[in-house]
Amino acid sequence: MDKKGFIFDLDGVIVDTAKYHFLAWKKLANSIGVDFTETQNEQLKGVSRIRSLEKILEWGNKTLSEDEFNRLMSSKNQDYLNYIDAMDASEILPDVSKTLDFLIENNQAIALGSASKNAKPILKKVSLFEKFEAIVDGNDVSKAKPNPEVFLIGAQLLGLKPENCIVFEDSVAGIQAANTANMLSIGIGEEDVLHEADFIFKDFTEITQEFIEGIISGTTVKQPKNNLSIKN
Ligand code: BG6
Ligand code: MG
C-alpha cells in the first residue's frame, strides 16, 4: 500500500475542547462587560488566541491598552488550562482512537496540525502524544489558518508531498488552509458550514474503513470544485 500523510486538527476533531474555550472566553468577556454567546464561540473555531480576543473586543466595541490585553489573554489561558488539567482519555471524540490505530496498523504517517499553543499538553493528557510522528502547533507557525503554513510544515516533517496528505478539520479556516495546500480536505461537522471540504462527515463514527482504504490506495481522490469564474 502507498504511504499517505494524515494530518489531524486537534480542537473539535480529536477532542471537544471548544466547550472549555467557551467557558474561559465567556468569563473574560463578562469581566469587561461584554456579552459572549455560543454562536460567537463558533466563530472563534480555528482562530488564534490573539485574534480571538481582538474579535471579542470588536464585538463589545472595547479597546484595551497593550498591557491589559496581554494580561487578559494570559488569564483566559490560565482558566482554560485549569479545565485541561482535568482531561483524560475519556474525552477523545468517538472513533478517533480507532481511526488513528487503523492508520498506524496500515503503516500510514500521522501528524497534528493545530492553531493551539496548548496542543502538546492536551495530547499528553489524553494519552495520544506518542501516536503522532509530527506535531505542528500554534508555537511553530507565523501565519494562522486559512494560511496553509501549518499543514505544509506537517507534510514536510512527514517527508511527504502535500498532494499525498489528507487533513481532518472542523473549522472553515482549516478546510480552506488544506485546500490551498492542495491536500484532500475532510470536514468533521456540519455540511452547511464545511461545504468547501472535499468530503464531510458528522464525526469519525461515520468514516468507514473502506473510505480510508480508498484514500490510501488512491481510488478516493480530491473532488473537482465548480469554478464559477469559467463562463463557457
Ligand atoms: C484552535 C481553537 O484550535 O486553537 C481555537 O479552535 C483556539 O478556539 C486556538 O483559540 C488557539 O488555542 P490556544 O490553546 O493556543 O489558546
Ligand atoms: Mg478545530
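Note that the coordinates shown come from a computational prediction; the quantities given were computed from them, not determined experimentally.
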Report task. Apply side chain to side chain contact (heavy atoms under 4.5 Å, CB included) to Asn179 and Lys222, showing your working. Result -> CA-CA 9 Å; Asn179 289 342; Lys222 214 167 166 55; 3.5 Å; yes

Query raised in the report: Is it true that a side-chain atom of Ser65 and a backbone atom of Glu68 form a donor plus acceptor pair closer than 3.5 Å?
Result: yes

**Report entry** Lys19, NZ atom: more than 12 neighbouring heavy atoms under 6.0 Å
**Finding:** yes

Query raised in the report: Would you call Ile135 and Phe129 a side-chain contact if the rule is heavy atoms closer than 4.5 Å?
Result: yes

Report task. Carefully, step by step, assess Ser90 and Asp88 under the rule side chain to side chain donor-acceptor pair (under 3.5 Å). Result -> CA-CA 5 Å; Ser90 68; Asp88 61 25; 2.5 Å; yes

Report task. Side-chain contact test, heavy atoms from C-beta onward, threshold under 4.5 Å: evaluate it for Leu44 versus Ile56 and give yes or no. Result -> yes

Requested in this report: With Lys76 as the cation and Tyr80 as the aromatic partner, state whether NZ or CZ is under 6.0 Å from the six-membered ring centre and within 45° of the axis.
Outcome: yes

Query - Ile7 reachable from Phe168 in the ILVMFWY side-chain graph, under 4.5 Å edges - result: no

Query raised in the report: With respect to Asn118, which candidate in Asn139, Asn77, Asp137 satisfies the side-chain hydrogen bond (donor to acceptor under 3.5 Å, both in side chains) definition?
Result: Asn77

Query - Any Asp79 side-chain heavy atom under 4.5 Å of Leu23 side chain - result: no

Query raised in the report: Heavy-atom distance under 4.5 Å between the side chains of Phe199 and Thr220, does that happen here?
Result: yes

Query raised in the report: Would you call Glu169 and Lys145 a salt bridge, taking side-chain N to carboxylate O under 4.0 Å as the test?
Result: yes

Query raised in the report: Are side-chain heavy atoms of Phe8 and Lys131 found at a separation under 4.5 Å?
Result: no

Query raised in the report: Does the ring of Phe36 carry Lys26 above it, NZ/CZ under 6.0 angstrom from centre and within 45° of its axis?
Result: no

Query raised in the report: Any side-chain heavy atom of Glu54 sitting closer than 4.5 Å to one from Phe69?
Result: yes

Query raised in the report: Considering only heavy atoms from C-beta outward, does the side chain of Leu53 approach that of Leu28 to under 4.5 Å?
Result: yes

Query raised in the report: Name the one of Gln108, Glu133, Lys4, Lys3 that satisfies side chain to side chain contact (heavy atoms under 4.5 Å, CB included) with Leu158?
Result: Glu133

Requested in this report: With Ile215 as reference, evaluate Ile186, Ile207, Asp2 under the side chain to side chain contact (heavy atoms under 4.5 Å, CB included) test and give the passing residue.
Outcome: Ile186

Requested in this report: Check whether any side-chain heavy atom of Leu93 lies under 4.5 Å from a side-chain heavy atom of Ile188, and answer yes or no.
Outcome: no

Query raised in the report: Within a reach of under 6.0 Å around CD1 of Ile50, are more than 12 heavy atoms found that belong to other residues, nucleotides or ligands?
Result: no

**Report entry** Joint hydrophobic cluster, Val193 plus Val47, side-chain heavy atoms closer than 4.5 Å
**Finding:** no

Query raised in the report: Counting N and O atoms only, with roles assigned by atom type, does the side chain of Glu149 sit under 3.5 Å from a partner on the main chain of Lys143, one being a donor and the other an acceptor?
Result: yes

Query raised in the report: Counting distance only, does the side-chain N/O of Asp11 pair as donor-acceptor with the main-chain N or O of Val15 below 3.5 Å?
Result: no

Query raised in the report: Run the side chain to side chain donor-acceptor pair (under 3.5 Å) check on Thr205 and Asp95 step by step: do they pass?
Result: CA-CA 6 Å; Thr205 65; Asp95 281 2; 5.2 Å; no

Query - Glu58 CD: over 12 foreign heavy atoms closer than 6.0 Å - result: yes

Requested in this report: Please confirm whether the backbone N or O of Gln40 pairs with a side-chain atom of Gln43, one donor and one acceptor, at under 3.5 Å?
Outcome: no

Query raised in the report: Is the Phe201 ring parallel, tilted or perpendicular to the Phe211 ring (thresholds 30°, 60°)?
Result: perpendicular

